[in-house]
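Below you'll find the structure, written out as structure tokens, and then a few comments.
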Amino acid sequence: MATVINVESLNQLTSEAFYQLCLANPDIPMEKSPQGELIIMSPVGGESGNREANLIADLIFWNRQYKLGQVFSSSTIFKLPNGGDRSPDVAWVSQSKWDSLTAEEKKKFPPICPDFVMELRSESDRLKPLQEKMEEYLNSGLKLGWLINPQDREVEIYHHQKPRTVVKMPCVLSGEEILPNFALEVDFS
């Protein structure tokens, strides 16, 4: 579950102010919406944390073999083109996009949208805010995204300029042309 804090009295929380706020409070996982709302992220339980770690590992193993980009954990915040500062559970950025950033941009919150993201719904997450977050990624340039929903045993697949599709678990997801030869078996029984 996320808690949204109204910071209107601060005259809109800018990306730089948000970056400084995160540096000053490293133990509080936060995001910023495109509207400047501060979002405090709840920690996840052991089961969700284990699932997330395994998803990251699967993507890392593929990426080490094909060397097509960079993999990021949920601790990484991306400064999205539409004004949000978001941290997907798992993210992948093509090497060419990553290489287009300056050294300073790579050190701070990278000012790009990942090419691929996975969001894993934890027990404390409400579905609608996660779906809105996936749409925010799409509007920022995301090419492929998976919203994995163990509670409803579904995966929502988001494509750039295509309608969202929903598949039931168990399933095998394809990285398609974005992540060639990447396949992920999803079955959280």
Side-chain angles (χ1 to χ4, degrees), residues 1-45 48-49 51-52 55-56 70-93 97-98 101 104-152 154-164 166 178:
M1 174 121 138
T3 301
V4 178
I5 298 176
N6 184 329
V7 291
E8 275 183 26
S9 62
L10 299 177
N11 289 332
Q12 194 76 348
L13 184 61
T14 66
S15 288
E16 183 58 31
F18 176 67
Y19 178 74
Q20 295 301 323
L21 182 65
C22 290
L23 289 181
N25 299 280
D27 296 331
I28 303 172
M30 300 180 241
E31 291 181 324
K32 182 180 73 64
S33 76
Q35 296 76 32
E37 300 165 318
L38 181 62
I39 302 164
I40 308 298
M41 307 302 293
S42 296
V44 299
S48 287
R51 287 175 175 169
E52 182 181 312
L55 293 171
I56 292 169
Q70 301 293 321
V71 178
F72 300 89
S73 73
S74 61
S75 296
T76 306
I77 294 177
F78 292 91
K79 183 178 170 184
L80 300 177
N82 68 0
D85 293 289
R86 296 297 196 159
S87 58
D89 290 328
V90 182
W92 180 85
V93 174
K97 186 183 277 189
W98 183 248
L101 299 176
E104 185 66 20
E105 290 172 325
K106 290 177 183 178
K107 286 180 188 174
K108 288 186 161 190
F109 299 158
I112 54 174
C113 181
D115 296 288
F116 170 75
V117 300
M118 282 188 255
E119 288 287 352
L120 175 61
R121 183 180 179 202
S122 69
E123 289 292 326
S124 62
D125 286 330
R126 290 178 296 129
L127 185 57
K128 186 164 177 50
L130 286 175
Q131 291 169 325
E132 291 169 352
K133 188 175 176 182
M134 294 299 290
E135 291 294 333
E136 183 182 341
Y137 292 134
L138 279 178
N139 294 332
S140 296
L142 178 73
K143 295 179 181 174
L144 177 64
W146 299 335
L147 172 52
I148 301 170
N149 180 353
Q151 293 84 345
D152 296 330
E154 295 179 338
V155 178
E156 296 182 13
I157 302 171
Y158 292 78
H159 293 93
H160 178 67
Q161 298 183 336
K162 290 183 185 176
R164 173 184 61 127
V166 179
I178 309 306

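Since we're looking at a predicted model, the values are computed, not measured. By convention here, the first residue in the shown sequence is residue 1.
Between V71 and W92 the shortest heavy-atom distance is CG2-CD1, 3.9 Å. Closest of all the heavy-atom pairs between E52 and V90 is O-CG2, 4.4 Å. Across all non-hydrogen atoms, the minimal contact from P88 to A91 is CG-CB, 3.7 Å. Between V93 and P114, the shortest heavy-atom distance links the atoms CG2-CA, 3.8 Å. For the pair S122 and Q151, the tightest heavy-atom approach, listed with the atom from each and the gap, is O-NE2, 2.9 Å.
Put simply, the side chain of M134 reaches to within 4.5 Å of the side chain of V117, judged on heavy atoms. Y19 places none of its side-chain heavy atoms less than 4.5 Å from the side chain of D85. A heavy-atom distance below 4.5 Å is not found between the side chains of V44 and L120. Residues R164 and Q131 are in side-chain contact: their nearest non-hydrogen atoms beyond the backbone lie under 4.5 Å apart. For the pair R86 and I39, the minimum side-chain heavy-atom distance is below 4.5 Å. You'll find the side chain of E154 stays beyond 4.5 Å of the side chain of L127, heavy atoms only.
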Run the side chain to side chain contact (heavy atoms under 4.5 Å, CB included) test on N149 and L130 for me, step by step, so that the C-alpha distance in whole Å, both residues' side-chain angles and the decisive distance to 0.1 Å come before the verdict. CA-CA 10 Å; N149 180 353; L130 286 175; over 6 Å; no
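The aromatic rings of F72 and W98 are tilted relative to each other, their planes meeting at an angle between 30° and 60°.
Taking NZ of K108 as the start and CG of L23 as the end, the distance is 8.5 Å to the nearest 0.5 Å. Annotation: the span from K32 atom NZ to E37 atom CD amounts to 10.0 Å, rounded to 0.5 Å. Here the CE-CG distance, from M118 to D89, works out to 9.5 Å after rounding to the nearest 0.5 Å. Rounded to the nearest 0.5 Å, atoms CG (L142) and NE2 (H159) are 10.0 Å apart. Rounded to the nearest 0.5 angstrom, R51 CZ and I148 CD1 are separated by 10.0 Å. Separating the CG atom in L80 from the CD atom in E136 is a distance of 5.5 Å, to the nearest 0.5 Å.
Q20 and E16 share a donor-acceptor pair across their side chains, judged by distance under 3.5 Å alone.
For F116, the ring pair (Phe, Tyr, Trp, His ring centres under 6.0 Å) partners are W146, not counting sequence neighbours. Under the rule for a ring pair (Phe, Tyr, Trp, His ring centres under 6.0 Å), the partners of F18 that lie at least two apart in sequence or sit in another chain are F109. Judged as a salt bridge (charged side-chain N to carboxylate O under 4.0 Å, His left out), and not counting sequence neighbours, the contacts of K133 are E31, E119. When the salt bridge (charged side-chain N to carboxylate O under 4.0 Å, His left out) test is applied to K106, no partner is found at least two apart in sequence or on another chain. Legend: residues meeting side-chain contact (heavy atoms from CB on, under 4.5 Å) with P81, ordered by chain and number and at least two apart, are C113, S140.
For residues 18-27, the set of pairs meeting the salt bridge (Lys or Arg N to Asp or Glu O under 4.0 Å) definition, not counting sequence neighbours, is empty.
Among the candidates K97, E105, K79, the single residue satisfying the side-chain contact (heavy atoms from CB on, under 4.5 Å) test with I112 is K97.
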